[in-house]
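All ligand and atom numbering here is 1-based and tracks the order in the structure. Being a predicted model, the structure only gives us computed values, none of them experimental.
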Amino acid sequence: NEIYLQGLADQVPPFTTDATRLAAAAEAVMEPGPFGYVAGGAGSGDTVRANRAAFERWRIVPRMLTGATTRDLSTTVLGTAMPAPVLLAPVGVQGIVHPEGELAVARAAAALDVPIVLSTASSYPLEDVAAVGGPRWFQLYWPNEPEVCASLLRRAKAAGYTALVVTLDTWTLAWRPRDLDHAYLPFLRASGVANAFTDPAFRAGLEKSPEEDQAMAILRWVSLFTGTDKRWDQLPFLREHWDGPIVLKGIQHPDDARRAADAGMDGIIVSNHGGRQVDGALAALDALPEIATAVGDRLEILFDSGIRTGADVIKALALGAKAVLLGRPYIYALALAGEQGVRHTLRSLLADLDLTLALSGHQTPATLTPNTLHRT
Ligand code: FNR
């Protein structure tokens, strides 16, 4: 309503609410290297496309006369209250997109009470982002050195991050032709290293400080965070060093979901990293139903990879997710208009979700089930 009323006064929004045109608008203002890094996927881009195509195969079957004129979308996931079942996915190196990076995103999210999941590879130290306020979780890239890992977790806890998201699918970076074409990797240009460079355990492993010898510090960063060898039997280490909920991100097989539950994890994120890791991997949405059947009653299931509209959120919730995470769209919004841009895109998604849920005949997400959908 607000947008239409503003239209009467000839005020139109700063940029489009349509996801496809949003990406095009961002491409027009971004450098090719950073844009390719954000938009790109692994290999041929097959899984990026598959993520979207999967949503189109599921159709919502709207119900009538259900009293959905009044609604409540609020929910609580792993102790964190949120206005709708939507969080911002961990996206590293936001400084390549906008000078205020994660600070701008955190401000926009906090204003709406939407939780952020801050990446290990953020462009600002996790303490600075925490100082913005707002609900927040911390995403861990699990480093090779236990002391650095424990130190990052200690800092995140002290800074008020309430849940830990451990990303398992990116223990090394995938074959990404767009980045290869541009010879562009943000980490090698010291983007996304802020949490490490400010970390006492990381600095202790250097002969000279990162300020004195950036190249050596970057090499240490690369050796800590790529090619990491982690196994299921190492999960107790995280329990020992993190007092709070733990969520494993990047689960795509029901057996891995069962192992997560067996290991006492509190949640999983069904995700293929937005198609950025395994070219030819199944669409994340297609992995969801079987995983929900396998572990839906044992831990919290979250979902990302391909969420662009309110309808997409409804489909993921109907197939068993408790909440979803939004990736690339908020980064494009950040590129276009900083904090205000992220706020615009986030508010638009929440309004779209609210309306689409209502017109589908639901007062709350709780009544969404696989029966809400028809598969074509
Ligand atoms: C990511 N993603 C990601 N995930 C993570 O756990 N830690 C990280 O640092 C990053 N960094 C990152 C950078 C960029 C540029 C993108 C696009 C993605 C993956 C992210 O959390 C999420 O899984 C996907 O973005 C979801 O897919 P969509 O919504 O982008 O299709």
Side-chain angles (χ1 to χ4, degrees), residues 19-20 22-23 26 30 33-42 45 47-55 86-98 101-102 105 115-124 126 129 137-143 152 163-171 173-174 176 178-179 184-187 191-196 221 225-226 228 247-252 268-278 281 283-285 287 302-309 312-313 316 321 323-335 345-346 349:
T20 308
L22 173 62
M30 289 173 76
F35 179 77
Y37 183 75
V38 173
T47 299
V48 176
R49 290 186 295 275
N51 281 341
R52 288 299 309 150
F55 279 98
V86 176
L87 303 90
L88 294 188
V91 169
V93 300
Q94 291 175 17
I96 67 171
V97 172
H98 188 278
E102 291 83 1
V105 168
I116 60 163
V117 185
L118 186 76
S119 169
T120 292
S122 56
S123 300
Y124 284 92
L126 62 91
V129 180
W137 295 3
F138 182 68
Q139 177 266 327
L140 180 73
Y141 279 133
W142 195 345
L152 285 171
L164 180 67
V165 171
V166 185
T167 300
L168 302 179
D169 57 18
T170 312
W171 52 272
L173 269 191
R176 296 184 184 170
R178 285 172 92 152
D179 300 337
Y184 183 81
L185 204 53
F187 313 102
S191 288
V193 296
N195 284 322
W221 190 94
F225 289 101
T226 65
T228 53
V247 180
L248 301 184
K249 178 171 184 275
I251 299 294
Q252 295 166 76
I268 55 172
I269 303 179
V270 176
S271 164
N272 58 28
H273 214 99
R276 298 165 71 79
Q277 286 298 94
V278 178
L285 194 70
L302 289 85
F303 172 90
D304 77 30
S305 297
I307 295 284
R308 297 293 177 269
T309 65
D312 297 340
V313 180
V324 305
L325 297 88
L326 181 70
R328 291 180 185 86
Y330 84 85
I331 299 300
Y332 295 140
L334 175 66
T345 286
L346 206 41
L349 177 70

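- If you take CD on Gln252 and CD1 on Ile268, they are separated by 11.0 Å, rounding to the nearest 0.5 Å.
- Of the N and O atoms on the side chains of Thr120 and Asn195, not one donor lies less than 3.5 Å from an acceptor on the other residue.
- Not counting sequence neighbours, the partners of Tyr332 by the ring pair (Phe, Tyr, Trp, His ring centres under 6.0 Å) test are Phe35.
- Contact shell of ligand 1 (protein heavy atoms, cutoff 4.0 Å): Tyr37, Val38, Ala89, Pro90, Val91, Gly92, Ser119, Gln139, Tyr141, Thr167, Lys249, Ser271, His273, Gly274, Arg276, Asp304, Ser305, Gly306, Arg308, Gly327, Arg328.
- Test Thr47, Asp169, Thr167 against His273 for side chain to side chain donor-acceptor pair (under 3.5 Å) and you get one pass: Asp169.
- Not counting sequence neighbours, Tyr141 has no partner by the ring pair (Phe, Tyr, Trp, His ring centres under 6.0 Å) test.
- Under the ring pair (Phe, Tyr, Trp, His ring centres under 6.0 Å) criterion, Trp221 pairs with Phe187, Phe225, sequence neighbours left out.
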